[in-house]
K.L.:
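Quick one: this structure, given as structure tokens, is what I'll be asking you about.
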Amino acid sequence: MIIKLTNAVKEYEGKKFLLNSDIIATVYEGLNEDGKPAVFVFSQNEKTWQVKETILQIEKLLKA
């Protein structure tokens with residue numbers, strides 16, 4: 001399934017992107033490079049995206 005997420009990294013902030021949910025290994029909360037709370041999506045191919053969506057919002061997308 002393809003899900004639409006919103007980038008939260010400064011250079012691409014607010015830009016939408018599509019992600020194949022089959023490659024998602026985990027979604028977690030952590031601190032971004034500024035030390036502020038953030039949500040990250042980590043993939044099986046060891047890529048990480050910082051997103052604006054909450055873990056709950058991503059969970060709902062994955063269950064749709």
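In what follows, residues are counted from 1 in the order of the sequence shown.
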K.L.:
Please answer: with hydrophobic residues joined when any side-chain heavy atoms are less than 4.5 Å apart, are Ile24 and Tyr28 in the same cluster?
P.N.:
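No, no single cluster joins them.
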K.L.:
Can you tell me if Thr6 uses its side chain to pair, donor with acceptor, with the backbone of Val51 under 3.5 Å?
P.N.:
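Side chain of Thr6 to backbone of Val51: no pair is present.
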K.L.:
So which of Glu53, Lys60, Glu59 actually passes side-chain contact (heavy atoms from CB on, under 4.5 Å) with Gln57?
P.N.:
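Single side-chain contact (heavy atoms from CB on, under 4.5 Å) partner of Gln57 among Glu53, Lys60, Glu59: Glu53.
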K.L.:
If you apply the rule side chain to side chain contact (heavy atoms under 4.5 Å, CB included), what do you find for Glu13 with Asn7, and how did you get there?
P.N.:
CA-CA 5 Å; Glu13 190 167 5; Asn7 207 311; over 6 Å; no
K.L.:
With a 4.5 Å heavy-atom cut-off, do Glu29 and Ile55 have their side chains touching?
P.N.:
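Side-chain contact under 4.5 Å: yes.
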K.L.:
Does Lys36 offer a backbone N or O that forms a donor-acceptor pair with the side chain of Asp34 under 3.5 Å?
P.N.:
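No; zero donor-acceptor contacts below 3.5 Å.
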K.L.:
Do Tyr12 and Val41 share a hydrophobic cluster, counting only Ile, Leu, Val, Met, Phe, Trp and Tyr and linking them when any side-chain heavy atoms are less than 4.5 Å apart?
P.N.:
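No, no single cluster joins them.
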K.L.:
Let me see the working for Leu61 and Leu5 under side chain to side chain contact (heavy atoms under 4.5 Å, CB included), right down to the final yes or no.
P.N.:
CA-CA 9 Å; Leu61 290 172; Leu5 298 171; 4.0 Å; yes
K.L.:
For the CZ atom on Phe17, are there more than 12 heavy atoms of other groups (residues, nucleotides or ligands in this structure) within a distance under 6.0 Å?
P.N.:
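Enclosed.
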K.L.:
How about CD on Gln44, more than 12 heavy atoms from neighbouring residues, nucleotides or ligands closer than 6.0 Å, or not?
P.N.:
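Counting other residues, nucleotides and ligands, CD of Gln44 exceeds 12 neighbours.
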K.L.:
Do Phe40 and Ile3 share a hydrophobic cluster, counting only Ile, Leu, Val, Met, Phe, Trp and Tyr and linking them when any side-chain heavy atoms are less than 4.5 Å apart?
P.N.:
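Not linked; separate clusters.
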K.L.:
Which pair of heavy atoms, one from Leu62 and one from Met1, lies closest together, and at what distance?
P.N.:
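Minimum heavy-atom separation between Leu62 and Met1: O-CE, 3.5 Å.
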K.L.:
Nearest 0.5 angstrom please: Ile2 CD1 to Leu18 CG, how far?
P.N.:
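Going from the CD1 atom of Ile2 to the CG atom of Leu18 covers 6.5 Å.
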K.L.:
Tell me the closest heavy-atom pair linking Ser43 and Trp49, and the distance in Å.
P.N.:
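Here Ser43 and Trp49 meet closest at CB-CZ3, 3.6 Å.
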